[in-house]
Amino acid sequence: MRFLAGGSGVAGRDEPADERAGALFSRCANPRCATGWMRLWRSRRGPGFEGRWACSAACMQELVAAAVRREMDGEGPAELVHRLPVGLVLLEQGRITQAQLREALEAQRRTAGTEGESARLGEWLMGSGVLSESALTRGLSAQWNCPVFGLEGWNPNEVAWVAPRILVEAMEALPVRVRGGKLLYLAFSSRIDRSLAYALERMTGMRVAAGIAPESELLDARARYRETPAPAARYIEAGSSWLLARELARRIEEQKPAEARLVRVHDFFWLRLWRRRAEPPAIPALEDVEDMIGTVGARH
Ligand SMILES: [Zn+2]
């Protein structure tokens with residue numbers, strides 16, 4: 001069956017429920033589209049954005065702008081559990097004594113004003129010989145109620161495609177491995193970043209299992225990760241969310257990806273473009289993926 005652009009055949013109700021036909025008859029996804037173009041009547045087949053089609057660059061820009069607004073308004077995953085301070089977890093587990101905790105907290109108070117206090121407390125306890133690294137790792141895993149990941153046999157080439165390096169580095173994370181194309185193991189050193197885990201689930205379509213890995217193993221692995229080829233990435237600092245949407249939409253129009261998606265990780269907007277579709281369990285080739293990382297306004 002052939003569809004001729006401009007032909008008189010109307011999208012009949014008795015068309016076979018064929019997915020290809022469904023795609024052909026789909027309308028421009030911009031709700032404010034003035035023309036109401038159907039894909040059938042347009043030679044413009046792509047690009048795709050979040051599984052939808054827009055009839056023109058202007059309509060694509062509106063789709064992307066709506067996605068930027070959605071990401072700005074989204075709260076992200078809530079931290080539902082009140083976490084015990086790691087010092088109390090270590091005390092409860094019998095890994096340190098009351099006196100050692102008091103001493104560590106006093107040392108911490110002397111260097112107050114710094115962030116990441118759990119890590120600092122753990123580091124101080126390790127540095128003063130009170131605590132081994134594996135004891136700290138197990139304490140952190142209890143604090144976050146998540147598994148410990150060992151990094152023996154870790155292969156950076158298997159996970160280099162997963163995320164832009166800047167996001168992984170900024171959240172002190174490391175993709176560990178993918179199981180069956182459906183489950184991604186994501187390691188952190190001292191605190192689990194739910195925002196990154198959630199963004200990765202939405203972006204890759206995989207479930208993310210977060211865990212804690214020993215700091216020394218992570219340091220080693222991160223050095224190797226930095227030297228591994230990664231997807232091409234571009235960075236944008238935009239003066240407003242509208243300008244950001246315009247830049248992202250412009251790149252989508254230039255590259256004409258089969259699919260593109262937008263998520264947010266804290267202050268970072270992350271757009272990924274796929275030259276070819278790769279739904280899980282298929283893993284995309286590095287050269288089929290491009291990332292854009294954008295921020296809006298002054299960062300604080
Ligand atoms: Zn349109």
Side-chain angles (χ1 to χ4, degrees), residues 26-37 39 42 44-79 115-116 161-173 191 193-205 208 230-275 284 288-300:
S26 66
R27 282 179 181 278
C28 175
N30 173 19
R32 291 190 290 170
C33 176
T35 64
W37 276 109
R39 193 179 280 209
R42 296 283 274 163
R44 183 183 150 95
R45 301 296 300 272
F49 179 67
E50 301 188 337
R52 294 171 305 159
W53 174 78
C55 74
S56 65
C59 284
M60 177 58 78
Q61 191 175 321
E62 294 229 13
L63 289 190
V64 175
V68 168
R69 281 195 298 275
R70 173 197 73 209
E71 292 303 313
M72 284 193 119
D73 297 345
E75 297 267 311
E79 199 58 73
E115 300 222 341
W161 64 276
V162 165
R165 206 164 288 158
I166 186 176
L167 284 187
V168 170
E169 296 265 326
M171 307 314 151
E172 297 185 1
R191 64 182 317 280
D193 190 291
R194 303 275 177 213
S195 177
L196 178 64
Y198 180 57
L200 279 169
E201 290 198 332
R202 293 171 60 208
M203 189 58 98
T204 64
V208 170
R234 294 165 166 252
Y235 308 97
I236 315 168
E237 277 182 54
S240 70
S241 58
W242 186 83
L243 288 170
L244 176 70
R246 193 182 68 177
E247 289 308 307
L248 298 178
R250 186 177 287 170
R251 190 66 186 160
I252 291 172
E253 290 298 325
E254 277 169 15
Q255 294 298 101
K256 307 225 176 314
E259 170 67 331
R261 263 175 233 167
L262 183 76
V263 298
R264 179 167 65 95
V265 182
H266 301 288
D267 290 340
F268 299 99
F269 291 84
W270 168 25
L271 177 79
R272 172 161 277 195
L273 295 81
W274 287 265
R275 270 178 256 292
D288 284 342
V289 177
E290 180 185 307
D291 291 316
M292 294 190 82
I293 313 296
T295 52
V296 173
R299 302 204 39 223
H300 25 240

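Within the 4.5 Å cutoff, the side chain of Arg251 has no heavy atoms near those of the Ile236 side chain. By the 4.5 Å heavy-atom criterion applied to side chains, Gln255 and Arg275 are counted as neighbours. Between Ile293 and Phe269, the closest side-chain pair of non-hydrogen atoms is not below 4.5 Å. Side-chain contact between Leu63 and Phe49: present, with at least one pair of heavy atoms (C-beta onward) separated by less than 4.5 Å. Put simply, the side chain of Leu167 does not reach to within 4.5 Å of the side chain of Asp291, judged on heavy atoms. Two residues are said to be in side-chain contact when any heavy atoms from C-beta on lie closer than 4.5 Å; Cys33 and Arg27 fail this criterion.
For the pairing with Gln61, the side chain to side chain contact (heavy atoms under 4.5 Å, CB included) check across Arg246, Glu247, Glu253 returns one residue only, Arg246.
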Practice item. Let me see the working for Glu237 and Tyr235 under side chain to side chain contact (heavy atoms under 4.5 Å, CB included), right down to the final yes or no. Key: CA-CA 7 Å; Glu237 277 182 54; Tyr235 308 97; over 6 Å; no
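The two residues Leu196 and Ala173 have their closest heavy-atom pair at CD2-CB, 3.6 Å. When all heavy atoms of Leu248 and Val64 are compared, the closest pair comes out as CB-CG1, 3.9 Å. Between Val263 and Ala199, the closest heavy-atom pair is CG2-CB, 3.8 Å. Contact between Leu244 and Gly294 at its shortest, heavy atoms only, is CD1-CA, 3.9 Å. Closest heavy-atom contact between Val208 and Glu201: N-OE2, 2.7 Å. Nearest heavy atoms, Pro47 versus Ile252: CG-CG2, 3.5 Å.
Once rounded to the nearest 0.5 Å, the distance linking OG1 of Thr204 with CZ of Arg272 reads 8.5 Å. Note that CH2 of Trp270 and CE of Met203 are 4.5 Å apart. Values are rounded to the nearest 0.5 Å. In this structure, the separation between CZ on Arg194 and CE on Met171 is 15.0 Å, given to the nearest 0.5 Å. A distance of 7.0 Å separates CD in Glu259 from CD in Glu50, rounded to the nearest 0.5 Å. Of the inter-residue distances, the one linking Thr295 atom OG1 with Arg264 atom CZ reads 12.5 Å to the nearest 0.5 angstrom.
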